[in-house]
Amino acid sequence: MTLLRLEEVTAHHGHLCALHPLTIEIDAGETVAVIGANGAGKSTLMSVIAGELSPSAGRILVDDVDVTKLDTHRRVQLGIALVPEGRRLFGTLTVEENLLVGAAVRTKGYWNLDSVYDLFPLLISLRRRRAQLLSGGEQQAVAIGRALMSNPRLLLLDEVSLGLAPVVVQRLYQALPVISAEGTTLLLVEQDLSQALEIVDRLLCLLEGRVVLEGPAATFDRQAIANAYFGHHVASALGNAASTGP
């Protein structure tokens with residue numbers, strides 16, 4: 001069942017066209033990675049879906065309901081939550097206060113303080129610590145937990161691993177299948193392909209605001225992905241399959 005559909009969506013930053021007409025579908029229960037080089041339009045795509053940036057043209061539908069003109073607050077009520085690049089925590093608030101901010105707009109579901117602490121046990125001893133005093137990995141765990149507190153149907157994760165040590169990234173990625181198992185659809189922007197390929201069902205590669213590679217992750221070898229990522233031989237990369245997977 002299609003949870004999210006973008007129909008011919010275009011987005012601009014001033015006079016710069018960051019997304020050319022895109023038509024994308026995300027099914028309920030999927031885990032999809034959006035990849036691409038810097039400036040490919042990945043974060044713009046997430047902002048458009050979350051309602052932080054209005055598209056210049058096209059439609060965004062959730063369960064076939066047009067949400068294109070809805071603000072971020074209303075989209076959270078419909079089950080869309082964003083973990084933004086840079087985390088954007090409230091630095092002077094404690095870990096638990098930041099988590100409770102995420103519960104200000106929420107629907108019924110599995111996620112609450114107890115279940116978030118179960119997912120990220122490292123936060124239990126930090127619950128009274130101000131967010132600005134946390135490490136990068138701890139802050140990212142809080143940011144994910146804050147988004148989960150709204151009980152989203154679709155969780156948008158923008159640059160999960162950016163600036164974090166590999167061991168920290170691995171721990172965060174161990175949490176994502178748990179989130180998916182509780183019924184949340186995941187759409188993540190990621191630079192670390194080795195981590196993403198281990199958990200995602202489908203890849204979507206952007207180049208200069210256009211989709212140049214899309215399909216089940218297991219059907220593309222690493223060379224096909226690299227070609228699409230950097231814009232080399234994109235035409236031949238499309239549909240390039242490897243029986244052994246990546």
Side-chain angles (χ1 to χ4, degrees), residues 1-12 17-36 40-85 102 105-111 143-144 146-160 175-190 196-197 199-207 209-217 219:
M1 181 183 71
T2 301
L3 173 61
L4 174 75
R5 178 174 172 82
L6 277 65
E7 295 182 346
E8 296 295 308
V9 168
T10 302
H12 287 77
C17 185
L19 292 179
H20 296 271
L22 293 183
T23 296
I24 296 170
E25 291 188 357
I26 306 296
D27 289 340
E30 276 195 299
T31 298
V32 180
V34 181
I35 64 173
K42 306 182 301 296
S43 292
T44 300
L45 174 63
M46 303 295 258
S47 295
V48 165
I49 296 171
E52 293 187 334
L53 177 67
S54 297
S56 309
R59 297 199 306 162
I60 302 167
L61 298 99
V62 176
D63 287 334
D64 293 326
V65 176
D66 191 339
V67 302
T68 311
K69 297 184 182 299
L70 295 185
D71 61 20
T72 301
H73 176 85
R74 287 286 293 117
R75 295 190 201 194
V76 174
Q77 290 178 326
L78 291 173
I80 298 175
L82 171 66
V83 180
E85 181 181 354
V105 179
R106 62 180 280 120
T107 59
K108 293 181 180 179
Y110 173 77
W111 297 105
I144 295 172
R146 180 180 62 182
L148 289 175
M149 289 289 288
S150 68
N151 278 297
R153 299 170 61 206
L154 173 63
L155 182 63
L156 309 173
L157 299 129
D158 196 355
E159 300 286 10
V160 177
L176 298 188
V178 178
I179 297 170
S180 178
E182 293 299 333
T184 302
T185 302
L186 302 178
L187 181 63
L188 59 128
V189 165
E190 187 51 271
L197 288 172
I199 69 161
V200 301
D201 303 308
R202 191 154 56 94
L203 284 177
L204 191 156
C205 184
L206 296 182
L207 178 69
R210 296 177 173 87
V211 176
V212 293
L213 188 71
E214 182 178 8
T219 64

Inset, instruction - Keeping the roles fixed (side chain from R153, backbone from T184), state whether a donor-acceptor pair exists under 3.5 Å. - result: no
Inset, instruction - Check whether any side-chain heavy atom of W111 lies under 4.5 Å from a side-chain heavy atom of M149, and answer yes or no. - result: no
Inset, instruction - Would you mind reporting whether L188 and V200 have side-chain heavy atoms less than 4.5 Å apart? - result: yes
Legend entry - Over all atoms of both residues, closest heavy-atom pair of L155 and P152: CD1-CG, 4.3 Å
Inset, instruction - Walk me through it: do D158 and S43 pass the test side chain to side chain contact (heavy atoms under 4.5 Å, CB included)? - result: CA-CA 7 Å; D158 196 355; S43 292; 2.9 Å; yes
Legend entry - Pairwise side-chain contact, V189 with L157, heavy-atom cut-off 4.5 Å (strictly under): no
Inset, instruction - Check L187 against M46 and note the closest heavy-atom contact, atom names and distance. - result: O-CE, 3.2 Å
Legend entry - Spacing of CG belonging to L70 relative to CG belonging to L78, to within rounding of 0.5 Å: 6.5 Å
Inset, instruction - Indicate yes or no: at least one non-hydrogen side-chain atom of L22 is less than 4.5 angstrom from one of E8. - result: no
Inset, instruction - Taking atom types as modelled, find out whether T23 and E7 have a side-chain donor-acceptor pair closer than 3.5 angstrom. - result: no
Inset, instruction - To the nearest 0.5 angstrom, please state how far the NZ atom of K69 sits from the CZ atom of R59. - result: 11.5 Å
Inset, instruction - I would like to know whether I24 and I26 meet side chain to side chain contact (heavy atoms under 4.5 Å, CB included); could you show each step before the answer? - result: CA-CA 7 Å; I24 296 170; I26 306 296; 4.1 Å; yes
Inset, instruction - Show the numbers, then the answer: is there a side chain to side chain contact (heavy atoms under 4.5 Å, CB included) between L204 and V211? - result: CA-CA 7 Å; L204 191 156; V211 176; 3.9 Å; yes
Inset, instruction - State whether a side-chain donor-acceptor pair under 3.5 Å links T107 with N151. - result: no
Inset, instruction - State, yes or no, whether a side-chain contact exists between V105 and S150 at a heavy-atom distance under 4.5 Å. - result: no
Inset, instruction - List the atom of A50, the atom of I80, and the distance in Å for their closest heavy-atom pair. - result: CA-CG2, 4.4 Å
Inset, instruction - Output the distance between atom CG (L156) and atom CG (L186), rounded to the nearest 0.5 Å. - result: 9.5 Å
Inset, instruction - State the CG-CD1 distance between L148 and I144, to the nearest 0.5 angstrom. - result: 7.5 Å
Inset, instruction - State whether the side chain of T68 and the backbone N or O of I60 hold a donor-acceptor pair below 3.5 Å, judged by distance alone. - result: yes
Inset, instruction - For residues E190 and I35, report the shortest heavy-atom separation together with the two atoms involved. - result: O-CG2, 3.8 Å
Inset, instruction - For the pair S180 (side chain) and L176 (backbone), establish whether a donor and an acceptor sit closer than 3.5 Å, ignoring hydrogens and angles. - result: no
Inset, instruction - Evaluate the side chain to side chain contact (heavy atoms under 4.5 Å, CB included) criterion for residues V32 and L203: first the C-alpha distance (whole Å), next the side-chain angles of each, then the deciding distance (0.1 Å), finally the verdict. - result: CA-CA 6 Å; V32 180; L203 284 177; over 6 Å; no
Legend entry - side-chain hydrogen bond (donor to acceptor under 3.5 Å, both in side chains) between E30 and T185, worked out: CA-CA 5 Å; E30 276 195 299; T185 302; over 6 Å; no
Inset, instruction - Provide the closest heavy-atom pair for I199 versus P177 in the form atom of the first, atom of the second, distance. - result: CG2-CG, 4.2 Å
Inset, instruction - Kindly compute the distance separating NZ (K42) from CG (L207), expressed to the nearest 0.5 Å. - result: 10.5 Å
Legend entry - Reported CG-to-CG distance for the pair D201 and D27, which is rounded to 0.5 angstrom: 10.0 Å
Inset, instruction - Check P55 against V9 and note the closest heavy-atom contact, atom names and distance. - result: CB-CG1, 3.9 Å
Legend entry - Sub-4.5 Å side-chain heavy-atom contact between V48 and L45: no
Inset, instruction - May I ask you to decide whether R202 forms a salt bridge with E214, counting only side-chain N to carboxylate O separations under 4.0 Å? - result: yes
